[in-house]
2 protein chains.
Amino acid sequence: MFLSRNTNTLDAKGRVSVPADFRVEVGAGRESGAGIFDGIIVWPSFDGPYLEGGGIALLRDYQALLENMDPYDDARIAFERAIFAESRRLSFDANGRVSLPKELAEYAELNGQVTFIGLGRRFEIWNPAKYESQSASARKMARENRHRLRLAGHRNISGDGAGTGTGAAS
Amino acid sequence: MFLSRNTNTLDAKGRVSVPADFRVEVGAGRESGAGIFDGIIVWPSFDGPYLEGGGIALLRDYQALLENMDPYDDARIAFERAIFAESRRLSFDANGRVSLPKELAEYAELNGQVTFIGLGRRFEIWNPAKYESQSASARKMARENRHRLRLAGHRNISGDGAGTGTGAAS
DNA sequence: GGGGATAGCATGGGAATTTATGGGATACAA
DNA sequence: TTGTATCCCATAAATTCCCATGCTATCCCC
């Protein structure tokens with residue numbers, strides 16, 4: 001599971017260290033029957049100026065998801081083109097670094113420092129400054145929606161969800 | 001798994017370098033019991049002015065798929081004629097190039113530069129300019145449909161999911 | 001608990017290898 | 001011959017590999 005936020009430097013050759021946590025995560029996915037690729041897979045988000053990534057296991061999950069859709073569903077084709085076609089395999093060097101292709105660095109406006117954002121099954125790569133505002137608004141929105149963060153497993157006593165009533169204060 | 005997009009030049013002799021990633025991909029499929037053919041298999045798409053291709057393993061998958069259909073299902077026969085009959089075996093030279101038959105280059109309107117599009121189990125070959133518009137609209141459609149890109153697999157806690165997305169980014 | 005040893009991580013720079021590409025030589029067919 | 005396809009070699013650029021170093025967190029021993 002990809003967790004935590006981590007900022008590393010992007011050197012003159014376009015190399016950046018992948019957080020050690022992330023490396024063991026993709027390694028774990030790899031052992032369980034996936035290929036022999038030791039690295040991460042990264043593509044430009046189609047939702048903003050940042051990169052998305054994960055291990056080969058994540059891509060296999062997406063592949064399975066897409067292969068359950070109609071082969072000529074326009075959305076399926078769009079996802080294949082937006083994710084598979086735009087993604088790059090970045091393999092680790094002996095020190096756990098990857099070299100980030102120029103196009104990807106330019107897309108996400110990365111220079112000097114890059115921030116890895118662990119998000120469970122996948123992660124994102126941001127320009128640290130750009131991520132700051134995201135982080136702030138995410139906290140705000142999480143607070144406003146906190147009543148939706150209800151773990152299942154136990155029975156839900158009250159019929160209504162919102163719990164604390166009005167909740168969403170500023 | 002075929003990933004990423006890669007534009008290479010088609011020289012005066014009709015040769016083009018197959019991306020190194022793709023070469024190892026078809027090589028991997030080849031080791032696991034398939035034939036000794038070292039190259040790719042390409043045919044004109046029946047859905048547009050581009051080529052489709054893959055390793056010998058992909059063709060075996062199509063064969064298995066078609067053999068599950070009724071032998072005289074018209075669609076089966078059509079698929080066999082449109083894929084198997086139109087496909088060409090393109091073997092690598094010592095530098096990882098293939099020479100693209102003229103008919104195929106003409107069909108896809110390829111000259112000068114050709115773009116390989118990795119799409120998971122298979123790939124496509126496009127005229128780079130023609131692919132540009134495809135790519136742009138694919139990104140737009142992927143963004144509009146991003147709520148459909150929901151990975152299953154783990155328990156689904158709440159009855160309703162992220163349906164319309166949280167709208168987090170903006 | 002203090003202090004030093006140790007291991008892992010992030011980073012920098014140079015060397016060696018791979019990749020993509022062009023061109024010539026050779027074999028084969030029309 | 002002429003055109004076509006295949007093979008071989010050369011080269012420039014890009015990428016990967018390898019080694020060294022500073023830093024930090026952890027461990028161990030006294």
Side-chain angles (χ1 to χ4, degrees), chain A residues 2-28 35-42 53 87-106 110-118 123 125-128, chain B residues 2-28 36-42 53 87-107 110-118 123 125-128:
Chain A
F2 297 109
L3 291 177
S4 93
R5 171 167 57 139
N6 217 309
T7 298
N8 289 338
T9 78
L10 182 66
D11 71 15
K13 289 174 158 181
R15 296 177 302 185
V16 61
S17 286
V18 175
D21 287 358
F22 287 23
R23 297 203 297 264
V24 313
E25 176 66 21
V26 304
I36 52 172
F37 171 65
D38 187 27
I40 57 176
I41 295 169
V42 175
S87 71
R88 304 286 300 257
R89 244 183 265 258
L90 309 182
S91 52
F92 299 138
D93 71 8
N95 298 329
R97 284 178 294 195
V98 297
S99 62
L100 206 57
K102 269 198 304 294
E103 315 90 74
L104 291 182
E106 283 168 8
L110 303 175
N111 45 15
Q113 301 281 105
V114 310
T115 299
F116 289 81
I117 313 286
F123 58 84
I125 301 177
W126 283 78
N127 176 315
Chain B
F2 296 107
L3 290 177
S4 96
R5 169 170 59 139
N6 220 308
T7 298
N8 289 339
T9 77
L10 182 66
D11 70 15
K13 293 176 169 178
R15 298 176 301 184
V16 61
S17 286
V18 175
D21 286 357
F22 288 22
R23 298 203 296 263
V24 313
E25 176 67 20
V26 304
I36 53 172
F37 171 64
D38 188 27
I40 57 177
I41 295 170
V42 176
S87 70
R88 305 286 299 259
R89 249 183 264 256
L90 309 182
S91 53
F92 300 137
D93 71 8
N95 297 331
R97 285 179 292 198
V98 297
S99 60
L100 206 56
K102 268 199 306 295
E103 316 90 74
L104 292 181
E106 283 168 8
Y107 178 85
L110 303 176
N111 45 15
Q113 301 280 104
V114 310
T115 299
F116 290 80
I117 313 285
F123 60 83
I125 300 177
W126 282 76
N127 175 316

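Atom set for the values below is all heavy atoms of this structure, side chains included, hydrogens, waters and symmetry mates excluded. Below, read A as the first sequence line, B as the second, and so on, with proteins coming before strands; counting in each chain starts at 1.
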- Message: I need the minimum non-hydrogen distance between Asn127(B) and Asn111(B), along with the two atoms involved.
- Response: ND2-OD1, 4.3 Å

- Nearest whole angstrom, please: distance from the P of dA10(C) to the CZ of Phe22(A). 11 Å

- Toward the 5' end of DNA chain C, by each residue's nearest nucleotide, Ala20(A) or Leu10(A): Ala20(A)

- Query: In whole angstroms, how far is the C1' atom of dA5(D) from the CG atom of Leu100(B)?
  - Reply: 14 Å

- Not counting sequence neighbours, which residues clear ring pair (Phe, Tyr, Trp, His ring centres under 6.0 Å) with Phe92(A)? List them please. none

- dA5(D) phosphate, OP1 or OP2: any side-chain N/O from Arg88(B) under 4.0 angstrom? no

- Message: Please verify the inter-ring angle class for Phe123(A) with Phe22(A); under 30° counts as parallel, over 60° as perpendicular, anything in between as tilted.
- Response: tilted

Just the atom pairs and distances: protein N or O near nucleotides 26-30 of chain C's N or O, under 3.5 Å.
none

- Applying side chain to side chain donor-acceptor pair (under 3.5 Å) to Asn95(A) and not counting sequence neighbours gives none

- Gap between atoms CG and P, on Asp21(B) and dT19(C) respectively (whole Å): 9 Å

- N/O donor-acceptor pair under 3.5 Å between Arg23(A) side chain and Val18(A) backbone: yes

- Task: Please report, rounded to the nearest Å, how far the P atom of dC9(C) is from the CZ atom of Phe116(A).
- Result: 15 Å

- For Asp11(B) and dG23(C), what is the distance between atoms CG and P respectively, to the nearest whole Å? 9 Å

- What nucleic acid atoms does Val98(B) come within less than 4.0 Å of, heavy atoms only: base, sugar-phosphate, or nothing? nothing

- With sugar-phosphate meaning primed atoms plus P, OP1 and OP2, does Val16(B) contact a base, only sugar-phosphate, or nothing at under 4.0 Å between heavy atoms? nothing

- Which atom of Pro128(B) lies closest to which atom of Thr7(B), heavy atoms considered: CG-CG2, 4.1 Å

- Item | Residue list, side chain to side chain donor-acceptor pair (under 3.5 Å) with Ser4(B), at least two apart or on another chain | none

- Note on the structure: Hits for side chain to side chain donor-acceptor pair (under 3.5 Å) against Glu103(B), two or more places apart or cross-chain, chain-then-number order -> Arg88(B)

Using atom names, set out every protein N or O paired with an N or O of nucleotides 16-22 of chain D below 3.5 Å, distance rounded to 0.1 Å.
{"unit_1": "dT16(D)", "atom_1": "OP2", "unit_2": "Ser99(A)", "atom_2": "OG", "d": "3.0"}
{"unit_1": "dC17(D)", "atom_1": "N4", "unit_2": "Arg15(A)", "atom_2": "NH1", "d": "3.4"}
{"unit_1": "dC19(D)", "atom_1": "N4", "unit_2": "Asn95(A)", "atom_2": "ND2", "d": "2.9"}

- Message: So Thr9(A), base contact, sugar-phosphate only, or nothing? Heavy-atom distance under 4.0 Å.
- Response: sugar-phosphate

- Taking atom P of dG8(C) as reference, at what distance in whole Å does atom CZ of Arg23(A) sit? 12 Å

- Item | Minimum heavy-atom distance Val98(A)-Ser91(A), with the two atoms named | CG1-O, 3.8 Å

